[in-house]
Amino acid sequence: MNLIFATHNQHKVSELKKLVPKSYSIFSLKDICCFNEIEETGSTLEENAQIKADYIRYKFGLDCFSDDSGLEIDALNGYPGVFSSRYAGPKKNNDLNIQKIWAELKGVKYPSASFRSVFHLHLSGKTYSFEGRVNGNIIFEKRGNSGFGYDPIFIPKGFNKTFGELGCEIKNKISHRAKASKKLIDLLRKCRID
Ligand code: ITT
């Protein structure tokens, strides 16, 4: 089955390709020649996930799913959350985002946080939403080169290495995106689409 993933983020695409069974083919926005920036005007992950999936459904007439995700830090009242990609400004600079988080967390010992991912799916005239979450802690140095975004500063609960150090095989067993993907695949299977 072909699945259109309404994202421009190639890291998300490569994770999804490893997360879904081989019988599913994932196509990104680039693959369908959609290069438009979809404005994320929502105030929650749920709203932005819906905005991205709706854009493709109604502009291109295609079923698809989207993922809006973010890092929610308890000591920052859930920020950067929905602003995770552009926390330090609209240029979406990952290094600056991390620097800003460290500055705001100054003095907080081993801050707790979670990654949360919300998927929005359009399928045969119906819509569905799935959530995945992984809890952990933030560290004040970058460790590991695997993954993307905040992976080098996030240690998932039960581990002593960051997602950046653990690599995609372990991340894909426990991550927020892995949990949301599992719910997506379960639903597609229930609808007997595979
Ligand atoms: P699309 O909107 O095109 O999907 P995006 O990167 O802008 O791509 P989001 O709006 O969902 O995606 O922003 C999510 C940001 O949260 C992302 O850019 C990372 O900074 C961070 N993030 C989300 N999931 C992550 C993960 O698994 N590991 C590290 N950082 C992550």
Side-chain angles (χ1 to χ4, degrees), residues 3-19 26-32 34-56 64-73 76 78-102 113-121 129-139 142-156 159 161-181:
L3 281 176
I4 294 169
F5 187 6
T7 183
H8 289 298
N9 184 325
Q10 290 308 309
H11 298 284
K12 289 183 182 179
V13 175
S14 71
E15 284 189 7
L16 250 292
K17 284 184 175 173
K18 293 187 183 105
L19 283 165
I26 301 285
F27 295 90
S28 71
L29 292 184
K30 192 170 131 203
D31 296 325
I32 62 163
C34 169
F35 301 103
N36 307 351
E37 189 66 43
I38 305 171
E39 241 192 293
E40 296 182 30
T41 51
S43 55
T44 61
L45 298 180
E46 286 77 4
E47 283 173 13
N48 279 346
Q50 181 173 353
I51 286 168
K52 290 186 266 194
D54 283 358
Y55 185 92
I56 299 307
C64 66
F65 73 97
S66 62
D67 162 358
D68 205 58
S69 43
L71 179 67
E72 299 179 336
I73 302 175
L76 302 181
Y79 278 82
V82 73
F83 303 106
S84 291
S85 65
R86 51 199 151 105
Y87 197 41
K91 286 198 175 143
K92 297 187 171 183
N93 182 312
N94 192 54
D95 285 330
L96 293 180
N97 288 338
I98 289 176
Q99 295 295 340
K100 182 172 176 186
I101 283 174
W102 282 341
S114 45
F115 270 124
R116 198 161 71 86
S117 192
V118 176
F119 283 19
H120 193 89
L121 169 72
S129 182
F130 314 101
E131 188 205 47
R133 178 194 291 275
V134 58
N135 297 323
N137 294 85
I138 301 297
I139 56 166
K142 283 191 195 173
R143 289 187 355 209
N145 299 315
S146 176
F148 69 101
Y150 300 103
D151 282 342
I153 65 162
F154 181 84
I155 297 190
F159 292 81
K161 288 182 175 171
T162 65
F163 268 155
E165 294 172 301
L166 289 168
C168 70
E169 217 170 289
I170 293 180
K171 182 181 178 188
N172 277 351
K173 285 199 171 99
I174 61 172
S175 80
H176 47 314
R177 192 160 296 107
K179 289 171 185 164
S181 315

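Atoms within a ligand are numbered from 1 in the order they appear, just like the ligands themselves.
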Seminar exercise, completed: Checking heavy atoms under 4.0 Å, the part of R177 that sits near ligand 1 is side chain

Problem set entry | Numbering as shown, the atoms of ligand 1 that approach H8 to under 4.0 Å (heavy-atom distance) | 3 (O)

Problem set entry | Numbered atoms and elements of ligand 1 in range of H176, under 4.0 angstrom, heavy atoms | 24 (N), 25 (C), 26 (C), 27 (O)

Seminar exercise, completed: Looking at S146, S69, S84, G147, the heavy atom closest to atom 14 (C) of ligand 1 belongs to S69

Exercise. Is ligand 1 under 4.0 Å from a heavy atom in the side chain of F148, in the backbone, in both, or in neither?
Worked result: both

For this session: Would you mind running through ligand 1 and noting each atom that sits below 4.0 Å from a heavy atom of D67?
Result: 4 (O), 11 (O)

Problem set entry | Those residues that, when tested against V118, pass side chain to side chain contact (heavy atoms under 4.5 Å, CB included) (two or more places apart) | L45, E46, A49, R116, S129, E131

Problem set entry | Side chains of T7 and N9, donor plus acceptor under 3.5 Å | no

For this session: Go through ligand 1 atom by atom and flag the ones less than 4.0 Å from a non-hydrogen atom of D68.
Result: 9 (P), 10 (O), 11 (O)

Determine all donor-acceptor pairs shorter than 3.5 Å in which one atom belongs to a side chain in residues 86-98; sequence neighbours excluded.
unit_1: Y87; atom_1: OH; unit_2: E104; atom_2: OE1; d: 2.5
unit_1: N93; atom_1: OD1; unit_2: D95; atom_2: N; d: 3.0
unit_1: N93; atom_1: OD1; unit_2: L96; atom_2: N; d: 3.0
unit_1: N94; atom_1: ND2; unit_2: G149; atom_2: O; d: 3.0
unit_1: D95; atom_1: OD1; unit_2: K142; atom_2: NZ; d: 2.3
unit_1: N97; atom_1: OD1; unit_2: Y87; atom_2: N; d: 3.2
unit_1: N97; atom_1: OD1; unit_2: A88; atom_2: N; d: 2.7
unit_1: N97; atom_1: ND2; unit_2: S84; atom_2: O; d: 3.3
unit_1: N97; atom_1: ND2; unit_2: S85; atom_2: O; d: 3.2
unit_1: N97; atom_1: ND2; unit_2: N93; atom_2: O; d: 3.3

Exercise. In terms of atom number and element, which parts of ligand 1 are under 4.0 angstrom from non-hydrogen atoms of K52?
Worked result: 1 (P), 2 (O), 4 (O), 9 (P), 10 (O), 11 (O)

Problem set entry | K171 neighbourhood, listing ligand 1 atoms whose heavy-atom distance to it stays under 4.0 Å | 26 (C), 27 (O), 28 (N)

